[in-house]
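Numbering starts at 1 and runs along the sequence shown. FYI, side chains are in, hydrogens and waters are out, and symmetry mates aren't considered; it's all heavy atoms of this structure. The shown structure was predicted, so the numbers you read here are calculated from the model rather than taken from an experiment.
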Amino acid sequence: MAAPSLTPDDTTRLVESTIAARADELRDIRRDLHANPELSWHEVRTTDIARKQVEAAGWNVQQAGETGFFADLGDAGPRVALRADLDALPVEDTTGDPWASRQDQVAHACGHDVHTTALIGASYALAAAHEQGRLKGRVRLIFQPAEEVMPGGALQMIDNGALEDVASIFMLHCDPSIDVGKVGLREGPLTGAADRLEVRLTGDGGHTSRPHLTQDVIFALGKVISEVPAVLSRRFDPRAGVSVVWGFVGSGSAHNVIPSEGHVGGTVRMLDHVAWDHSEKIVQATVAELVAPYGVRATVDYRRGVPPVVNEPQATELLGTAVTRALGAEAKVATAQSLGGEDFAWYLGQRPGAMARLGTRTPGGTTYDLHQGNLRIDEGAVALGARVLAEAALVTIATKTET
């Protein structure tokens with residue numbers, strides 16, 4: 001592989017000027033998307049807005065299901081893919097901003113509005129490069145639905161041909177713990193595997209004065225809640241970082257009644273593929289052994305989610321070069337592996353590529369968390385993300401063309 005140039009050139013300046021000229025437009029698109037979020041598999045309006053923008057810029061668009069699409073540009077040479085996700089979360093927007101969500105209990109609390117808008121911005125810049133003969137290869141934009149549900153909309157996009165003839169693939173994900181203007185990079189594992197777990201217990205309930213004559217679902221449920229995480233911490237290599245965290249629990253409706261049913265749900269997360277391959281079997285056995293002494297019946301709904309995102313070394317280097325060209329060498333910062341799940345991993349299981357973390361925190365401002373209704377992003381991140389994505393495509397094409 002030829003060493004990529006770190007020096008900004010006329011193409012880099014074209015990318016920057018094109019996106020700067022449309023920065024206000026991109027800000028307004030992002031605010032509109034934020035105000036009108038749509039849940040997984042229902043991103044009809046979001047898909048339509050993104051599609052119209054890239055079509056107007058000259059991209060050839062192909063729908064990929066009821067929501068989501070991919071778009072191509074370029075005549076010959078290696079094809080590089082850039083991916084953004086479209087969906088929002090079932091979370092109430094509590095920001096109070098003028099562009100806060102207008103949908104009850106739906107919000108872009110993970111920054112996918114930023115991802116979508118940044119990719120739209122990259123489409124403008126790459127189209128300008130193509131017009132001036134500076135695009136020496138082909139680019140595919142992937143606007144994907146349903147990242148927030150397991151196993152994720154990436155599988156549908158792949159089934160519909162999104163990775164056909166793609167040499168490598170890149171994406172950015174918002175990170176509200178990193179200042180705007182910085183991008184977090186890491187070679188190798190970047191996220192964790194994530195699965196969904198629900199345990200439902202049933203038994204003969206009764207009066208709370210006679211627990212010995214019942215099958216005490218709530219007592220058994222308490223054992224599941226406390227002991228499943230504890231047992232798994234001793235069944236897996238500690239370096240696998242297995243984590244079980246519950247998101248909801250429910251049972252009963254009266255102080256003096258032992259109910260006949262209860263349930264608890266959450267996620268099982270881990271840092272490596274080895275643990276992921278064995279987790280379902282161990283969870284099933286653990287639950288059965290824990291509740292057996294109490295005579296209750298257990299139904300375990302274990303749904304495999306996504307594997308870890310593992311950044312390929314050369315692709316990570318190229319993405320780092322793109323950050324340097326777009327924002328300067330000081331923009332690159334190290335980032336750690338997290339237990340968060342991301343279905344971008346499915347693409348990386350078939351093609352080399354890399355994901356980076358786009359800083360969205362205003363320097364000196366509040367550090368927010370993802371998946372919370374109060375999430376705010378520094379809007380300057382949109383244009384910066386667009387520049388990095390465009391450069392990622394251009395740098396990778398140039399490198400593969402020279403190889």
Shortest non-hydrogen contact from [X] toward [Y]:
{"X": "Lys400", "Y": "Pro78", "result": "CB-CG, 3.9 Å"}
{"X": "Asn311", "Y": "Ala354", "result": "OD1-CA, 3.1 Å"}
{"X": "Asn160", "Y": "Gly65", "result": "ND2-N, 3.9 Å"}
{"X": "Thr95", "Y": "Ala100", "result": "OG1-CB, 3.7 Å"}
{"X": "Pro37", "Y": "Gln103", "result": "O-CG, 3.7 Å"}
{"X": "Leu141", "Y": "Trp59", "result": "CG-CZ3, 3.5 Å"}

Return yes if some donor-acceptor pair links the side-chain N/O of [X] with the main-chain N/O of [Y] below 3.5 Å, else return no.
{"X": "Arg31", "Y": "Trp99", "answer": "no"}
{"X": "Glu261", "Y": "Thr202", "answer": "no"}
{"X": "Arg45", "Y": "Asn36", "answer": "no"}
{"X": "Arg387", "Y": "Ala390", "answer": "no"}
{"X": "Arg196", "Y": "Gly265", "answer": "no"}
{"X": "Gln105", "Y": "Val91", "answer": "no"}
{"X": "Asp272", "Y": "Ala275", "answer": "yes"}
{"X": "Thr396", "Y": "Ala393", "answer": "no"}
{"X": "Trp346", "Y": "Ile158", "answer": "no"}
{"X": "Trp246", "Y": "Ile225", "answer": "yes"}

Which pairs would a plain distance check flag for residues 66-75, meaning a side-chain donor or acceptor within less than 3.5 Å of a matching protein atom at least two apart in sequence or in another chain?
{"residue": "Thr67", "atom": "OG1", "partner": "Glu43", "partner atom": "OE1", "Å": "2.9"}
{"residue": "Asp72", "atom": "OD1", "partner": "Arg140", "partner atom": "NE", "Å": "2.7"}
{"residue": "Asp72", "atom": "OD1", "partner": "Arg140", "partner atom": "NH2", "Å": "3.4"}
{"residue": "Asp72", "atom": "OD2", "partner": "Arg140", "partner atom": "NH2", "Å": "2.9"}

Do Tyr368 and Thr360 get their side chains close enough for a donor-acceptor pair, meaning under 3.5 Å?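 No - no donor-acceptor pair under 3.5 Å links their side chains.
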Under 3.5 Å side-chain donor-acceptor pair for Thr214 and Asp216: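 The answer is no; no qualifying pair exists.
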Is the closest side-chain heavy-atom distance between [X] and [Y] below 4.5 Å?
{"X": "Arg304", "Y": "Asp277", "answer": "yes"}
{"X": "Gln53", "Y": "Ser123", "answer": "no"}
{"X": "Phe344", "Y": "Gln144", "answer": "no"}
{"X": "Val242", "Y": "Ser279", "answer": "no"}
{"X": "Gln372", "Y": "Thr94", "answer": "no"}
{"X": "Arg138", "Y": "Asp165", "answer": "yes"}
{"X": "Asp195", "Y": "Trp276", "answer": "yes"}
{"X": "Glu280", "Y": "Arg303", "answer": "no"}

Does Arg357 form a side-chain contact (heavy atoms from CB on, under 4.5 Å) with Arg186? I'd like the steps, not just the answer. CA-CA 9 Å; Arg357 295 191 170 122; Arg186 176 185 172 88; 5.8 Å; no
Would you say CZ of Phe236 has more than 12 non-hydrogen atoms from neighbouring residues, nucleotides or ligands within 6.0 angstrom?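 More than 12 within 6.0 Å, yes.
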Is it true that, when you exclude His278 itself, more than 12 heavy atoms of the residues, nucleotides or ligands shown sit nearer than 6.0 Å to its NE2?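 It does not: His278 NE2 has 12 such atoms or fewer within range.
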Presence of salt bridge, Asp93 and Arg102, under 4.0 angstrom: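 Not counted as a salt bridge, because no side-chain N and carboxylate O are separated by less than 4.0 Å.
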Do the side chains of Asp343 and Arg83 get close enough for a salt bridge, i.e. N-O under 4.0 angstrom?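 Salt bridge present between Asp343 and Arg83.
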Apply side-chain contact (heavy atoms from CB on, under 4.5 Å) to the pair Thr116 and Leu33, showing each step before the final yes or no. CA-CA 9 Å; Thr116 297; Leu33 294 178; 3.9 Å; yes
To the nearest 0.5 Å, what is the distance between [atom1] on [X] and [atom2] on [Y]?
{"X": "Leu389", "Y": "Leu384", "atom1": "CG", "atom2": "CG", "value": "11.0 Å"}
{"X": "Asp301", "Y": "Gln284", "atom1": "CG", "atom2": "CD", "value": "9.0 Å"}
{"X": "Leu126", "Y": "Thr18", "atom1": "CG", "atom2": "OG1", "value": "9.5 Å"}
{"X": "Glu147", "Y": "Met150", "atom1": "CD", "atom2": "CE", "value": "9.5 Å"}
{"X": "Leu370", "Y": "Leu375", "atom1": "CG", "atom2": "CG", "value": "6.0 Å"}
{"X": "Leu39", "Y": "Leu86", "atom1": "CG", "atom2": "CG", "value": "12.5 Å"}

Yes or no on side-chain contact (heavy atoms from CB on, under 4.5 Å) for His173 and Thr191, after CA distance, side-chain angles and deciding distance? CA-CA 11 Å; His173 196 294; Thr191 70; over 6 Å; no
Before giving the answer on side-chain contact (heavy atoms from CB on, under 4.5 Å), spell out for Arg134 and Asp10 the whole-Å C-alpha distance, their side-chain angles and the decisive distance to 0.1 Å. CA-CA 9 Å; Arg134 298 178 182 275; Asp10 288 343; 3.6 Å; yes
Starting from the C-alpha separation in whole Å, work towards a yes-or-no answer on side-chain hydrogen bond (donor to acceptor under 3.5 Å, both in side chains) for Arg361 and Thr367. CA-CA 6 Å; Arg361 178 178 61 193; Thr367 300; 2.8 Å; yes
For the residue pair His108 and His112, does the interplanar ring angle fall in the parallel (under 30°), tilted (30 to 60°) or perpendicular (over 60°) class?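 If you compare the ring of His108 with that of His112, the planes turn out tilted.
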